[in-house]
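One structure is given below, encoded as structure tokens.
So you know, we letter chains A, B, ... as the sequences are listed, proteins then strands, and number each from 1.
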Number of protein chains: 2
Amino acid sequence: MEQSPARSSSVTVADVAREAGVSKATAARVLGGYGIVSAKVREAVKAAASALDYRPNELARSMTTGRSGTIGVVVGDIENPFFSLAVRGITDVARLAGFNVILSNSGEDVAAEKAAIRTLVAKRVDGIIVSPAKEGDVEHLKDIERSGRPLALLDRSAPSLNVDTVIADDMQAAEGITRLLIGRGHRRIAYVTACDTPDHVFHSLDDIYTDSVRRRIEGHLGACREASLTSMEEWVRVGANSSEATRRIVLNMLQSAERPSAIIASDSVIGLEVFKVARELGLTLPDDLSLVSFHDADWTSVTSPPVTVVQQPVYQLGEAAATLLVERLNGEVGEGRRVVLQTRLIERASVGAAPSSGS
Amino acid sequence: MEQSPARSSSVTVADVAREAGVSKATAARVLGGYGIVSAKVREAVKAAASALDYRPNELARSMTTGRSGTIGVVVGDIENPFFSLAVRGITDVARLAGFNVILSNSGEDVAAEKAAIRTLVAKRVDGIIVSPAKEGDVEHLKDIERSGRPLALLDRSAPSLNVDTVIADDMQAAEGITRLLIGRGHRRIAYVTACDTPDHVFHSLDDIYTDSVRRRIEGHLGACREASLTSMEEWVRVGANSSEATRRIVLNMLQSAERPSAIIASDSVIGLEVFKVARELGLTLPDDLSLVSFHDADWTSVTSPPVTVVQQPVYQLGEAAATLLVERLNGEVGEGRRVVLQTRLIERASVGAAPSSGS
DNA sequence: TTGAAAGCGATACCAC
DNA sequence: GTGGTATCGCTTTCAA
């Protein structure tokens, strides 16, 4: 017992075959679970395998079969509850379908995303799911297709890519929020997002390279136009990509002479920061400031007041992306499919009427 | 351009070698970045490689070198902010050290954990980090060691395993909390944890198979004994492993005749549920109920009142585990090391004096 | 410095 | 049914 081989085992099919007194091919058949073998031989091989403590080498198997049983996932930040929930959806589906997941963080940086994908392809993953940092910069994603591997896009589409894509109806959601706010009398509505521009100022939609973010701003501005509100672009704030940056942006806005009466947060991490800053400044929600956030994060329902949010089907987003990918892996062919999941506005108590002093 | 090979590339070193007019071995040397090659030949090979759009096959490389450049991570639930933050710490360190991460969810189920580890070993990951579901059931973890791969334990130790382990000082943390509560006059202090027992009732410490949880309860009960409080075991509630279960347990306790005046939540997911139930029942924190939660989750600081928590160095826990593992991978040998990271009590406003009606 | 050839551990094709 | 053997793409002696 004591002398169990401390050295890496490396018991191979050949060893098992020898022990069982059969050929390597036969042993491989039972160990690999393919081909036809007599019951008697099968038992003998199995016995030999467990006696030797045989461990299959997936690497070798992958090399001959061409399938690694692994899918690669590249997201912006696994620490963000949005992505960790989506990843949970992906891993659940993957496991059920017999796949493992290699997870990479891009930090929303295209260079890192590129490197991650290069590695994933080198590792011969069977397929890849990515949440592209920039919809315009997708040459590396086309490479995936060229390598013959299926690709699925999560939460963000890329117009130039004809691949399976799963997104939420961000535009309608944003429209809905903005209409709600306008209906309550708000005119000075700020939109805060993590996406950044070179000069950290929003000029036009063309500045926004992250698809889901652009669709949201598009919906928001559309609803504004619809209500004949002009120059609302000035109220769009970009660059909230860390809690410090968000804090700075929000503080700045809220302390200026003409401060917004309502803020839309593009994700729950931003929403949380807005909530903190507002409280720090002694602003009362919703009397002094209205707040709506994307993503029904756990905390949004326990604050005082609880926060009105856009509930996104995050887990399902991951599930759907993984499902589409697995279907491709199982032979599905044809045009890239586009799945749009519905969001739902959950009205809580962070939205109130605009102060009458306004416009 | 149009006729770029749609078929899986499969440009191999042999192809590059041919194109460059050198031997396979030479081409492999420059492509693999090892051995000595003349500058001239190196350039020729590189040119040929990019002309052919050569993509290395890590699988084949791994098979000969024996290293896959991958580490496996098995956690209870990536969706839990505790683990997603720890995983972020792991992936950051791994990436810097040149490793990828294969992520598996065990769902705190030993069978799933076993299966995940089996797969990971089959895939020949270089090392594994796991947060064992049960400290007693670790035969499969010993297997990892037997396979010659380093193993590191995250957040939970296993006495029978002499491997690198990174944990927080849960026992002291729990002691601190309980002393604080007792000092404020509390006598009916409930402890709610996700860990379950066969009959869903806590009898003794031996029931608790998850190391970190046991250390916490141990600290808690120790502080109780210290203050001559007896039968505090009756106030320990197990089985809060889903929001529904937690809700049921907490509702039950809080609606009983003799309800606790303070609750300790073993993680932030439980803490959130306690908060929700308390509010639902119209209980005011901290007047009607005091609450302390483990894990300084984002929401704990924005509630009214904000919640007193044990701040755990979660990201650092992941970082440290990955660092220890990488060191092993780089040749470090010897006894398993044990790293204990300090926690810190963040006093906010969810703890108050016990109602005078008590004992 | 470069080349030829032997593995690594499985699968798969083709006879028997 | 079972066995022999080429093969996958790369690394790694060992000679030249």
Salt bridge present between B/R118 and A/E58 (N-O < 4.0 angstrom): no

Counterpart residues, side chain to side chain donor-acceptor pair (under 3.5 Å), relative to A/N105 (two or more places apart): none

Distance below 4.0 Å between B/S38 side-chain N/O and C/dT2 OP1 or OP2: yes

Student check: side-chain heavy atoms of B/V166 and B/D164 closer than 4.5 Å: no

B/R67 CZ - D/dT12 C1' separation (whole Å): 16 Å

Modelled atom types, side-chain donor and acceptor of A/S157 and A/D211, under 3.5 Å: yes

Spacing of A/E58 atom CD relative to C/dG9 atom C1', expressed in whole Å: 12 Å

Gap between atoms CZ and C1', on A/R124 and D/dG9 respectively (whole Å): 9 Å

Ionic contact status for B/E108 with B/R156, cut-off 4.0 Å: yes

N/O (side chain, A/S10) to phosphate O (OP1/OP2, C/dG9) under 4.0 Å: yes

B/D15 CG to D/dG9 C1', straight-line distance once rounded to whole Å: 10 Å

Donor on one side chain, acceptor on other, A/S147 and A/R149, under 3.5 Å: yes

Given DNA chain C, 5'-ward residue of the pair A/N57 and B/S23, judged by closest heavy atom: B/S23

Contact pattern, 5' to 3', of nucleotides 11-16 of chain C - B, S or - by protein heavy atom under 4.0 Å: BBB---

A/L59 CG - C/dG7 C1' separation (whole Å): 15 Å

Nearest-Å distance for atom pair CD1/C1', residues B/I36 and D/dT13: 15 Å

